[in-house]
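Okay, structure first, notes after.
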Amino acid sequence: MSGIQLDTTATGQFIAEHEIAAIEPQVAAAAKLLETRSGPGNAFLGWLDLPVKYDRSEFKRIKTAAKRIRKQSEVLIVIGIGGSYLGAKAALEFCQPTPPLPFRGGRKKHFDVVFAGTNLSAAYHTHILEAIGDRDFSVNVISKSGTTTEPAIAFRLFRQKLEEKYGRQGARERIYATTDRTRGALKTLATQEGYDTFVVPDDVGGRFSVLTAVGLLPLAAAGIDIDALMRGAADGRKQYKGGFSENDCHRYAALRNLLLRKGKNIELLVNYEPRCHYIAEWWKQLYGESEGKDGKGIFPASVDFTSDLHSMGQYIQDGQRTLFETVLEIEQPDTDISLTDTADDLDGLNYLAGKTLDHINKKAAEGTRMAHVDGGVPNMVVRIPEATPYFLGQLFYFFEKACAISGYMLGVNPFDQPGVEAYKKNMFRLLGKK
Ligand code: PA5
């Protein structure tokens with residue numbers, strides 16, 4: 001099966017061939033800045049070669065720790081925020097989607113991975129602490145800086161719970177810390193307490209860290225094939241080095257910049273499968289933090305179709321013409337349901353008898369695409385052959401590299417995030433931090 005494909009046919013009426021030809025040298029220049037590591041933020045390009053140049057011994061330790069976690073616990077609480085959680089959450093939902101109805105007493109299919117420290121909600125954290133009940137649990141606390149408020153607070157709560165349940169030594173054996181190699185409060189604590197510790201490499205920023213221990217340990221603990229994930233990313237790395245005409249990553253960067261220059265300053269990442277919801281959350285952080293600075297950037301937003309066609313559909317079809325869509329399409333479903341006919345056909349659906357739900361979903365996508373393009377919304381489709389770790393690895397790499405190139409084309413440093421400090425300063429002052 002071939003890899004991920006970018007279908008740009010529905011941008012044809014918005015962008016002429018000569019415009020694409022004119023922007024091609026700008027894409028090449030941005031890609032060169034990246035490959036030669038001579039652009040702004042070049043101290044944070046570790047992710048570029050990560051799929052082939054990762055620490056093999058740490059990778060092995062991740063697998064060993066994952067086995068240990070599954071043996072010692074029924075639940076892994078993953079504590080982290082932003083880039084220290086979204087990649088793992090996205091991959092987990094994509095590879096092992098949460099069933100919409102968690103019937104009590106239903107067949108337990110997966111080891112549970114629950115995310116905490118992603119907000120400061122008392123209700124959210126109380127619920128998790130209570131829901132653990134008498135189940136055995138371990139904690140993977142993830143923070144590159146080791147000082148971020150949300151995960152630090154959550155870690156304090158869950159560490160306390162662990163110590164109450166297993167004693168101080170027992171708690172130490174169930175805590176796995178992923179943090180900076182040498183710096184930060186979490187590193188100091190981990191060293192002092194002797195936690196099993198994993199490294200966020202210095203040259204990989206949070207939002208580019210899904211293929212480090214940040215993403216890999218929770219995923220391995222969940223039983224996801226992290227070798228396949230890395231293989232997919234490595235194949236993506238090879239594929240997206242090619243020339244413009246055969247390089248979807250370069251073409252995606254080119255087209256979204258061309259659309260921006262035509263006033264399309266909002267990109268909607270669209271999905272028709274709930275398992276892709278958190279891919280969009282991960283993608284929004286990646287593009288929002290990388291491009292949104294110096295008064296520039298495309299605003300990354302997302303919608304879950306067909307649900308949101310019944311809420312956001314009106315605006316997309318008819319509102320301000322500042323949008324374009326990038327659709328994630330999974331070509332081959334891993335499960336499907338056929339409709340049968342009924343004698344009375346009171347619901348008028350017999351015309352769909354023999355059709356599968358995936359077929360109907362895809363027709364909905366096709367119809368929506370035609371309507372939105374007619375309504376002035378340019379549309380690209382990223383076709384993912386199957387929802388597997390391999391193709392997800394390729395997809396992660398595709399979006400990361402396109403983001404870096406796109407950011408350089410915009411003239412920003414895609415690897416810093418100076419704007420995220422502003423709220424923290426106010427919050428600390430209001431809380432009386434010394
Ligand atoms: O991309 C980023 O740098 C941020 O989203 C961080 O990942 C996030 O703020 C969490 O930071 P840390 O891992 O230092 O706790």
Side-chain angles (χ1 to χ4, degrees), residues 40-48 50 77-92 115-120 125 139-159 175-190 195 197-219 278-293 297 300 302 396 399-404 406-407 412-428 433:
N42 59 2
F44 295 96
L45 297 182
W47 57 273
L48 203 51
L50 205 54
I77 308 290
V78 176
I79 298 175
I81 198 164
S84 287
Y85 116 90
L86 282 165
K89 177 75 180 169
L92 197 69
F115 291 85
T118 61
N119 56 59
L120 290 168
H125 289 91
V139 167
N140 178 200
V141 53
I142 308 171
S143 177
K144 186 177 183 190
S145 64
T147 54
T148 307
T149 309
E150 292 89 336
I153 289 176
F155 183 47
R156 191 177 269 221
L157 297 174
F158 284 92
R159 190 177 150 211
I175 295 173
Y176 301 80
T178 306
T179 189
D180 188 87
R181 194 181 300 276
T182 53
R183 283 175 304 235
L186 180 57
K187 176 65 191 170
T188 310
L189 182 64
Y195 302 151
T197 305
F198 300 88
V199 172
V200 191
D202 286 345
D203 57 358
V204 180
R207 57 189 175 274
F208 289 86
S209 70
V210 60
L211 301 177
T212 71
V214 172
L216 297 177
L217 180 56
L219 295 177
Y278 276 94
I279 298 285
E281 297 304 309
W282 168 84
W283 171 91
K284 284 194 280 192
Q285 187 206 359
L286 181 66
Y287 281 77
E289 272 190 1
S290 301
E291 294 189 324
K293 54 197 71 160
S302 63
F396 277 144
F399 277 134
E400 285 179 358
K401 188 162 187 188
C403 178
S406 207
V412 299
N413 174 356
F415 307 109
D416 66 1
Q417 53 283 329
V420 300
E421 292 309 312
Y423 93 92
K424 292 183 192 169
K425 278 190 197 136
N426 289 341
M427 177 178 75
F428 292 146
K433 186 178 180 188

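Counting starts at 1 for both ligands and their atoms, in listed order. Throughout, numbering of the chain's residues begins at 1 and tracks the sequence.
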Looking at Y278 versus W282, is the centre-to-centre ring distance below 6.0 Å? no
Is any side-chain heavy atom of [Y] closer than 4.5 Å to one of [X]?
{"X": "V139", "Y": "F158", "result": "yes"}
{"X": "Y195", "Y": "Y176", "result": "no"}
{"X": "N140", "Y": "F198", "result": "no"}

Could you work out, with side chain to side chain donor-acceptor pair (under 3.5 Å) as the rule, every residue matching S290, not counting sequence neighbours?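 Listed in chain order: R207.
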Can you list every protein residue that has a heavy atom under 4.0 Å from any atom of ligand 1, sorted by chain and residue number?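 If the criterion is a heavy atom under 4.0 Å, then ligand 1 touches I81, G82, G83, S84, S143, K144, S145, T148, G206, R207, Q285, E289, Q417.
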Let me confirm one number: the NE2-CG distance from H125 to N119, rounded to the nearest 0.5 Å. 5.0 Å
